Amino acid sequence: MMQFMLLFSRQGKLRLQKWYVPLSDKEKKKITRELVQTVLARKPKMCSFLEWRDLKIVYKRYASLYFCCAIEDQDNELITLEIIHRYVELLDKYFGSVCELDIIFNFEKAYFILDEFLLGGEAQETSKKNVLKAIEQADLLQESQNEDWGGLSSDDIL
Amino acid sequence: MSDVVEKTLTALPSLLSLDSQPGAGKLSITSKLGSLIKNITELTSKHEESKLIKKELSTIKEQISSPHTTLRQMKEIMVRMIYCEMLGYDTSFGYIHAIKLAQQGSLLEKRVGYLAVSLFLNENHELLLLLVNTVLKDLQSTNLVEVCMALTIASQIFPKDMIPAVLPLVEEKLQHSKEIIRRKAVLALYKFYLIAPNQVQHIHDKFRKALCDRDPGVMISSLQIYQQMIKDCPDGYKDLTGSFVAILKQVVGGKLPVDFNYHSVPAPWLQIQLLRILALLGKDDQSASELMYDVLDESLRRAEINHNITYAILFECVKTVYTIHPKSDLLQKAAKCIGKFVLSHKINLKYLGLKALTYVVQQDPNLALQHQMTIIQCLDHPDPIIKRETLELLYRITNGQNVTVIVEKMLAFLWQSKDEYTTIDLVGKVAELAEKYAPDNEWFVKTMNTVFSLGGDVMQPDIPNNFLRLLAEGFENEIEDKQLRLFAVESYLSLLDKENCNFPQRFLQVISWVLGEYSYLKTDTHPEIVAERLQKLLDQSTISQETKSWIMAAITKLASDSVCSSTVTEIAEKHSVCLDTVQRQHAFEMKALLDDRELMKQILPKDASCEDIEVDISLSFLDEFVANALDRGAAPYKPPHQRQQELSQAKALNFEPYGLSLPISASSYSIAGRQSPTGLSLSSGLSGNSAEMTQKKGSNSLKLEGVKKVWGKEGYLPQSETAQEVNHPSASCPDVEATTMEKLVENASVQSDLLPVALNVKDQEKQQLASSLFVGIGSHDTLSLMGKSENNAQRFRKRSKLKEYSKETERLSRDEFSLQSPPQNLLDNANFSESSENLNGLGTLFTSKFSKKADSTTLDCDKMSKQEMLTVPTKGSSLLFTSDDMVVVKPSHSPAEISFLPSSNQYFSLPAELSQQAHSEVVQLAYNDFLSLSACKIYQKDCLLLVVFITSYSSTPITHIELCFPQSKLKVFNSAAHHFHSLEAKSTVNCQSCLLMEEPCAQLDLVGNLTYHLESEEISELEFSLTLTLLDFVRPLIISTDDYGKLWLSFANDVKQNLNLLSNAKDPLTATLNVLKDNLCLHIVDIIGKESIIACQLLPSIPCLMHCRVHSGMLAVWLRSPSPDFIDCLLYHCQRILQEK
């Protein structure tokens, strides 16, 4: 199970954090600080996996953003790398050529997408189409402010 | 992905016209969040940022508490709060409003409210309870989005206690028509299963429905639950193996909708999940494994596209193949796959390849040989992660021949590593290898020196402890031991010679202990010089208090060995005015000992750190002193808890907080020994008690006495040795590979002159390194390599440890296959005999397992027979354990005691309610021509009930029968005398008496007489006697460990004694305790490792507590009770019983 996911910039600024294990704020801050430091210190050609305390860290850099996940010992590093990639694809599709600014200014949207993709630290829905469908349904609702929604079929949206 | 994220944020402040950015276009620059973010990015210092955020937070605080804030504004505020929280500022004041927003908001605001809640709170947060109602309401909503939101939050954070409230609603959603709802419901149930597995047990069949759902998404989600459940209990789901295999077959065959493809690989997440489940199901299960061979083979074959995702599947597949019951051609293919990883140019794959090698090298060491050149390259890899993993791999293939090279590599890595976690781990591994495979003393001491300097004060404390114990206990060879010690002394002296050396405290402690203990071995150095070195150390400012104590102890030991030196006197003088009390005490002790050389020699004997120290725990030598003090009118001693009790009784105030310090202060007066084992360790550990100087050294440094001596002088536990030998898989590698392997080994060992000329010098170096690293690994050496326990090469034997043993057995079961399908070339192999030994070893191992089981069954049988024996034949009801509160199992008594009635067909019926209780045989006490007297003991909870049967043989009635027990030591209830007016001819009456033991005694005769009148009117008398033992009056005392601790302190009398241990049993302690328990009616309160605490009581109410510890082949018991006699009697019986066994 994924323990947490962090998004931070090359400057070490946190852009997104999602914790799937209950930790105190103090611990979270400590972990974030340590990890951001460790990951930023790594050179570009180095391995995307780290052993850190008793967790495995999988990270990948997309442009100026680092995506960093902590998984447990029995988890598969490569598939975690693909989870990151799938998330980036989802963001890209949703924002249309995503960039760091999109995530900075619309971080709540990024969270909504993440929650639709990963739930409780496990991949919930791996079909790109389905994730986006769910998000767009909710978004559409926000814009139309239709309180009595529910009868809309998915075909109307896509 | 090239189109993704190529725009960077290089000049954020200049991007004020954000509208040109596609994403930002959705957000108005004039919005409050937008301007907040913009302002923050413009700032240059952390200080400015914090000022700005503080201002922002105070505005937010004001706004959210204002009644005029609309929900829409609240939503906006929440987003800003999330942002501030992400920057690391506390926004806990607003958490409650996030919950409110989720509760009151319309869909739009609700979504943000839920998001804020999931980000702010964790599942232990108390505010979460306030959310439960909202979740309940939304679950019942007709609006799909609301239901979705409720399910999402429930599967992220939900208070464990409130699960029952929402469970029925979530369950209902499993039948929902929309697949997204069903999917989320399954995931919510998965979450519930994780935090409270018991609460979802009743819906397991619904999970099966979810597994068969027509929507693949729902099915995939349900696999998560299954994976968890199978992990918890693989045996419960073996019937599903076929289904999982079928699903995987369909997925691999591309039967799922294209939606689920990821880079044209069908549902990789699903595949990996299924492979993991199959690994769990196939582990140690041949029939289940056989079902999956085909599909695994296909998976390995299909995954050929060169993309990360296929490698992810391959990796999982390899793991599964190596986990399940092995099949040789699958293993071969998996090994090839590992090769692909290792040889890949992609660094991620190489890393995973090394990981896989590390994982399988225990089963197949030849794989490591195949890739030796790659491994060597990885050793010098610029990425420390790769290096680290390579070392991990090398660590697993270490043997007596390559240990020096591997340890050297590990130490080189350690010098560079700054990560504490890695240091701790690696230092422990180096120490382990050094102790196991050290080629000579010099190397060992030097390596350990490096370990201590590198590991410093972060390493596991058992490393220095083990090292010292190793030095102290020595091995078989006395001369070797001396050499090792001498070498250590020499090396430490030269280390201390250096100026300005900053060693870690732990290292200095080791140095000072060794110098104090063994510097006498170095005859050419005067102790004076050693003392001077230590003195110099003592004066350093960087030395901690603890280390100073060690050094002082070492100097004292040195002084005992030599004529009084000026240095020692100087140190003693100097430190006797030291401000630190511990230090001062040491100095005073030193002074006192210097004045009394005889005493000093006695308490600081040479080379005796392993000798047991007899400590008079009760401090009886002070009795006279105490008596004198009492005579002079001093107050009698009260144990601390009693004082505390009195204090709290005397005053209404609670003095609890001060209570803690009492034992410590008491210990400094060296009376703590009277109270408890803990008290003792306090006195020795904290105050450096003078009377126990030597003991202090022991407890502070080595704890020799209490340490498990698994590696005693007698040697290693034979069982674990067999286990280790057995686990070497004889030949898991198929023939073809074996031959290539041999070639490789040849290559390596013949060295560079035989290598092709084309190799350049660097390669030659690498080859040499390879030959030194992989020496001893090959088909011929596989056996000794696998267990990492070359019995002959292993110099420093230690750490047998049960843990290792169980690990071996576990591995053993995994390696079973090598025994079931013996390799074809076994006969050619010189190791044939060894292998057969292994087989035997396996046999014995299993036998021992079985015999253990058998033991327990025989034990049961014993119990049964005892039960039968104890029951009166008449009733036939063989209920020994009657009611729940009656835990008494009565011992069988010494055969002499049980004399059966002359007329065996005559029986006595106990009253029904008594026959249900534990009781003894009916024993005939006395008889004559007219009468017979028999008795039966009934072991009641609160007394011993004696039922006396009076049977008349006479053909005429007997009258005026009177039964008396004129007793002194026993207390007899229910009237000491029984009177029957008359007894019919050929009939039986019974009378009952409750007996209690007034004064404890091991055994006593109950003497009584019976007077009666026959027809003749003359009074006749019949005397009888019955032997009662203490055991008839002992009952278990059921108390908790805590109560035990409290009671222990309150008992004044204690006795220590060594008892025989049933050493032939598998677990001597438990076996012995069980024997005692069954025979003596004791209650085993707790067993902790080699120690156990036991409680019993003598009726009516004298408790006795026992503390047992296995110590050098004996059971050291320590008894405490208010009555010294009871202890004596109990000990007598313990001895008797254990001798009989």
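All values derive from a computational prediction rather than experimental measurement. To find a chain, count down the sequence lines: A is the first, B the second, and so on, and within it residues start at 1.
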**Q** Where on B:R276 is there a heavy atom nearer than 4.5 Å to chain A: the side chain, the backbone, both, or neither?
**A**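 The side chain, not the backbone.
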
**Q** Can you say whether B:Y262 sits under 4.5 Å from chain A via the side chain, the backbone, both, or neither, judging by heavy atoms?
**A**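 Both parts, heavy atoms under 4.5 Å.
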
**Q** Name the one of A:T32, A:L40, A:L16 that satisfies side chain to side chain contact (heavy atoms under 4.5 Å, CB included) with A:F8?
**A**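 Between A:F8 and the candidates, side chain to side chain contact (heavy atoms under 4.5 Å, CB included) is satisfied uniquely by A:L40.
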
**Q** Side chain, backbone, both or neither: which part of B:E420 has a non-hydrogen atom closer than 4.5 Å to chain A?
**A**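 For B:E420, there is no contact with chain A at all, as no heavy atom is under 4.5 Å.
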
**Q** What part of B:N261 is in contact with chain A, defined as an atom under 4.5 angstrom from a non-hydrogen atom: side chain, backbone, both or neither?
**A**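 For B:N261, the contact with chain A is made by the backbone alone.
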
**Q** So for A:I83, is it side chain, backbone, both, or neither that comes closer than 4.5 Å to the heavy atoms of chain B?
**A**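 Both backbone and side chain of A:I83 come within 4.5 Å of chain B.
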
**Q** Of the backbone (N, CA, C, O) and the side chain (C-beta and beyond), which part of B:L270 lies under 4.5 Å from a heavy atom of chain A, both, or neither?
**A**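 Neither part.
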
**Q** Please walk me through it: do B:I309 and A:H85 pass side chain to side chain contact (heavy atoms under 4.5 Å, CB included)?
**A** CA-CA 11 Å; B:I309 198 74; A:H85 190 79; over 6 Å; no

**Q** Report the option among B:Q273, B:K191, B:K319, B:R183 that has the most heavy-atom pairs separated by less than 4.5 Å from atoms of chain A.
**A**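 Among B:Q273, B:K191, B:K319, B:R183, the one with the most close pairs to chain A is B:R183.
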
**Q** Contact part of A:K45 toward chain B, heavy-atom cut-off under 4.5 Å: side chain, backbone, both or neither?
**A**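 Backbone of A:K45 only, per the 4.5 Å heavy-atom cut-off to chain B.
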
**Q** Select one option (side chain, backbone, both, neither) describing which atoms of B:K418 are under 4.5 Å from chain A's heavy atoms.
**A**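 Neither the backbone nor the side chain of B:K418 comes within 4.5 Å of chain A.
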
**Q** Name the region of A:F107, side chain, backbone, both or neither, that has any atom closer than 4.5 Å to a heavy atom of chain B.
**A**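 Just its side chain gets close to chain B.
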
**Q** Is chain B contacted by the side chain of A:R42, its backbone, both, or neither, given a heavy-atom distance below 4.5 Å?
**A**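 Only the side chain of A:R42 comes within 4.5 Å of chain B.
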
**Q** Would you name the heavy atoms of B:Y190 and B:Q224 that are closest together and state the gap between them?
**A**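 The pair with the smallest heavy-atom distance is CE1-O, 3.5 Å.
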
**Q** For A:R53, which residues count as a salt bridge (charged side-chain N to carboxylate O under 4.0 Å, His left out) partner, sequence neighbours excluded?
**A**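 For A:R53 the salt bridge (charged side-chain N to carboxylate O under 4.0 Å, His left out) partners, ignoring immediate neighbours, are A:E34.
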
**Q** Count the heavy-atom pairs under 4.5 Å between each of A:K128, A:E116, A:K93 and chain B, then report the option with the highest count.
**A**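 Greatest number of close heavy-atom pairs with chain B: A:E116.
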
**Q** Go through the atoms of A:K56 and report whether side chain, backbone, both or neither lie under 4.5 Å from a heavy atom of chain B.
**A**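 A:K56 touches chain B through side-chain heavy atoms alone.
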
**Q** If every non-hydrogen atom of B:L275 is compared with every non-hydrogen atom of B:I313, which pair is closest and at what distance?
**A**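 In this case the closest contact between B:L275 and B:I313 is CD1-O, 3.8 Å.
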
**Q** If every non-hydrogen atom of B:L128 is compared with every non-hydrogen atom of B:E123, which pair is closest and at what distance?
**A**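 Scanning both residues completely, I find the closest heavy atoms to be CD2-CA, 3.8 Å.
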
**Q** Could you go through B:K355 and A:E51, starting from their C-alpha distance and side-chain angles, then the distance that decides it, and tell me whether this counts as side chain to side chain contact (heavy atoms under 4.5 Å, CB included)?
**A** CA-CA 12 Å; B:K355 259 206 126 131; A:E51 266 166 55; 3.2 Å; yes

**Q** Measuring heavy-atom distances to chain B, does A:L81 have an atom under 4.5 Å in its side chain, in its backbone, in both, or in neither?
**A**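 It is the side chain, since no backbone atom gets that close.
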
**Q** Which atoms of B:S155 come close to chain A, meaning under 4.5 Å heavy atom to heavy atom: side chain ones, backbone ones, both, or neither?
**A**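 Both backbone and side chain.
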
**Q** Is any side-chain heavy atom of A:I79 less than 4.5 Å from a side-chain heavy atom of B:P268?
**A**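 Answer yes - side chains close enough.
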
**Q** Could you tell me how the ring of A:Y87 sits relative to the ring of A:F117: parallel (under 30°), tilted (30 to 60°) or perpendicular (over 60°)?
**A**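 Correct class here is parallel.
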
**Q** Side chain, backbone, both or neither: which part of A:D54 has an atom under 4.5 Å from a heavy atom of chain B?
**A**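 It is both, since atoms from each part get that close.
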
**Q** At a heavy-atom distance under 4.5 Å, which candidate from A:K29, A:R86, A:K13 has the highest pair count against chain B?
**A**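 Of the options given, most contacts go to A:R86.
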
**Q** Chain B heavy atoms under 4.5 Å from A:Q17: which part of the residue, side chain, backbone, both or neither?
**A**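 Answer is both: backbone and side chain atoms of A:Q17 are under 4.5 Å from chain B.
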
**Q** Side chain from CB out, backbone as N, CA, C, O: work out which of these in B:Y83 comes under 4.5 Å of a heavy atom of chain A, or both, or neither.
**A**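 Answer is both: backbone and side chain atoms of B:Y83 are under 4.5 Å from chain A.
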
**Q** Quickly, which of B:L352, B:L354, B:N348 forms a side chain to side chain contact (heavy atoms under 4.5 Å, CB included) with B:F341? Name it, please.
**A**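 Of B:L352, B:L354, B:N348, side chain to side chain contact (heavy atoms under 4.5 Å, CB included) with B:F341 is met by B:L352 alone.
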
**Q** What residue, out of A:A123, A:S24, A:C47, A:S127, has the most heavy-atom pairs lying under 4.5 Å from chain B?
**A**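 Top count of heavy-atom pairs under 4.5 Å with chain B: A:C47.
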
